[in-house]
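Comments concern the structure below.
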Protein chains: 2
Amino acid sequence: MEKRVHNFNAGPAALPLPVLEEIRENFLNFQGSGMSITEISHRSPLFEEVINDALGRARRLLQLNDDYHVLFIQGGASLQFCMIPMNLALPGRPVNYINTGVWSIKAIKEAQIQGKDVRIIATSEDKGFSYLPTDYTVDRQASYLHFTSNNTIVGTQWQQFPDEEGVPLISDMSSDFMSRPIDVKPFGLIYAGAQKNLGPAGVAMVIIREDMLERVPDNLPTMLKYTTARDSKSLFNTPPTFAIYVIDLVLTWLEETIGGLEEMERINEEKASLIYEAVDNGEIYQGIAELKSRSMMNVTFRLPDEELEQRFLSEATSNGLHGLKAHRSIGGCRASLYNAVTIDSVRSLVEFMNEFEEKL
Amino acid sequence: MEKRVHNFNAGPAALPLPVLEEIRENFLNFQGSGMSITEISHRSPLFEEVINDALGRARRLLQLNDDYHVLFIQGGASLQFCMIPMNLALPGRPVNYINTGVWSIKAIKEAQIQGKDVRIIATSEDKGFSYLPTDYTVDRQASYLHFTSNNTIVGTQWQQFPDEEGVPLISDMSSDFMSRPIDVKPFGLIYAGAQKNLGPAGVAMVIIREDMLERVPDNLPTMLKYTTARDSKSLFNTPPTFAIYVIDLVLTWLEETIGGLEEMERINEEKASLIYEAVDNGEIYQGIAELKSRSMMNVTFRLPDEELEQRFLSEATSNGLHGLKAHRSIGGCRASLYNAVTIDSVRSLVEFMNEFEEKL
């Protein structure tokens, strides 16, 4: 039995233990091929089975109809920040963004670099992004409305998606993708870097609606067109085969062991509630995000002073509780509770939080 | 002991067995962290050590001085086909390409899409790319001269690089990178998808000379600027951490077990010579590439007819010799002999080739 810690990393983050064990078990001999999964051709029947299985599972979990394509694209969410305006901004029409923090800002910046007519229709910058804006008007002519569904740094999450008024929604769901069921209908595009809920770093999953693909300009570089990934079934060039293999295992776990996104959401709600309860009941803990905007994925909180926070973090580490330091831009503590973080890990953290306070 | 085959795949391809064993051994608990390498932060000291070790080893193996930067960029060689003209074509000056096959053509196409003044100064298309052109004149005003150092499909390889006449050389070395020592001085940029000689698919290593970075236009999308990777030490966004970890292990093996690029070249020459000997001495085998242009990495050959080729391939597979089918565009057989393919695998193939012929 390997020594393992409770992993609350913000990403790359915990993966399900059975998935890691399966990778290890088959690492030198994938499916009896006598080769590692890292050594087989992306055009072999063996790998085709892997990628098709992953795509099928993603479609079932999200209940996608034939209007939607599921693509694997390298470069993470950051390359999507560039590809979205490049492919989907319609000539002469604005693009709308809601600014809820660092990741929104990065997405906005890339649209601006390309000279698009960027309109930031709402922002929560006035209160350090500790809440989600509710007051905004979508341009009826907008090419799309972009928002970040979960904000890892301050720890906010849209529980009800923005009202799009017929404009296609685009969302960076990197940090809460596959953590709960969603209604994809209003979405033109959803994207997620894998390294939080899906698998290892090095690939993004992109869900795109057929009608959006008609917007893709002909003269873009081949690798930067969504149509290239659609037409080649994500095999235009060698894809990150290992990452896709792990995603397939994670989706298998999600579908067969957990039982789907509704059950996953129930577990994620239970996990987050346990920590928020500890934060709210504790005398020394103070939640950072506003109540109504709290994230199920990233619970952020502060202690009365930085010295105590340091002690909290260092004693947590000694107790096998890893990755609880918040992003340096806001300070304090953050417990990231992605799908693979177990209730057992959460209970250990809650116990530690209570004991830490009692000892003071 | 796992059943393993002799792996002659063209890419993704064989990895050194000790590397695979080390990955498996530590997969659930990297460096005593209690986490998998796939679960740790790219900004953690643990991962910093991995990436810095990989960069240091690459620099030592290639004997790079401070004029050169080593970068990790997602998207494989195919994204480099786009990034090179975007970043490095100087306004009002042509770009030169030598066309030696499918990969050159893809690189050329991306420069054309961007409207650059593309001049193909030499091509071996007239004989199905079975040789490397020797007769060409480089534009003295060219922004760069691009060539493919090893052509996997027909199996040709530049033994002496094109004469650049002061114009910076740019080379796609995906399929022979780190297989032999090179003099980097005439090169402005060298790039290589990892999945042949370096590691798993999902990352390219880019070697770029400082003066080339001055050409990068300000207004490019952030992820597509070489300066972004340089300024952030390849950590602008989450890199493919697992792929970089494996590259570090492969480079460690190359440096410490093999003993460096000169020794690697000696072994690779021995491997290729053994197969070429079997091809040339056999009555039924016919090499595809012209003698002077033969590749040490991809040995291509035909048998008298397709039926016999089918039999050869299917009996090879039964004998544990995997991945010998050539690219469908040319037919026949191909043995890819990247660094991790052992002399033992090569001897098994030679033995099989001789026996197959004798049995006829």
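- Close approach to chain A, defined as a heavy atom under 4.5 Å from one of its heavy atoms, is seen in B/Gly32, B/Ser33, B/Gly34, B/Met35, B/Ser36, B/Thr38 of residues 31-38 of chain B, taken by number.
- Neither the backbone nor the side chain of B/His6 comes within contact range of chain A, judged by heavy atoms closer than 4.5 Å.
- Counting heavy-atom pairs under 4.5 Å between each of B/Ala340, B/Ser78, B/Pro240 and chain A puts B/Ser78 at the top.
- For A/Glu49, the CD atom is loosely surrounded, since the number of other residues' heavy atoms within 6.0 Å does not exceed 12.
- Proximity to chain A (any heavy atom under 4.5 Å) is restricted, for B/Val203, to the backbone atoms N, CA, C and O.
- Contact count versus chain A (heavy atoms, under 4.5 Å) is highest, among B/Ala14, B/Gly76, B/Ser44, for B/Ala14.
- The greatest number of non-hydrogen atom pairs below 4.5 Å with chain B, out of A/Gln114, A/Glu25, A/His322, is found for A/His322.
- The distance from atom NZ of B/Lys225 to atom SG of A/Cys82, rounded to the nearest 0.5 Å, is 10.5 Å.
- Comparing B/Leu28, B/Leu224, B/Asn7, B/Thr238 by how many heavy-atom pairs each has under 4.5 Å with chain A, the most go to B/Leu28.
- Proximity to chain A is absent for every atom of B/Ala243, based on heavy atoms less than 4.5 angstrom apart.
- In this structure, the portion of A/Met86 lying under 4.5 Å from any heavy atom of chain B is its side chain and not its backbone.
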Expected list for residues 216-223 of chain B: side-chain donor-acceptor pairs under 3.5 angstrom, two or more places apart:
residue, atom, partner, partner atom, Å
B/Thr222, OG1, A/Glu110, OE1, 3.3
B/Thr222, OG1, A/Glu110, OE2, 2.3

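- Within residues 193-202 of chain A, the residues having any heavy atom less than 4.5 Å from a heavy atom of chain B are, in residue-number order, A/Gln195, A/Pro200, A/Ala201, A/Gly202.
- Note: A/Ala13 leads A/Gly323, A/Ala13, A/Ser41, A/Pro239 in heavy-atom pairs under 4.5 Å with chain B.
- For A/Trp253, the CH2 atom sits in a packed shell: over 12 heavy atoms of surrounding residues, nucleotides or ligands are nearer than 6.0 Å.
- Taking both residues in full, the closest heavy atoms of A/Pro12 and B/His42 are given as CD-ND1, 3.4 Å, listed atom of the first, atom of the second, then distance.
- Heavy-atom contacts from other residues, nucleotides or ligands closer than 6.0 Å to NZ of A/Lys325 number 12 or fewer.
- Across all non-hydrogen atoms, the minimal contact from B/Asn9 to A/Glu39 is ND2-O, 2.9 Å.
- The list of ring pair (Phe, Tyr, Trp, His ring centres under 6.0 Å) pairs with a residue in residues 226-250 of chain B, not counting sequence neighbours, reads A/Phe242-B/Phe242, B/Phe30-B/Tyr245.
- The CG atom of B/Leu20 lies 11.0 Å from the CG atom of A/Asn29; values are rounded to the nearest 0.5 Å.
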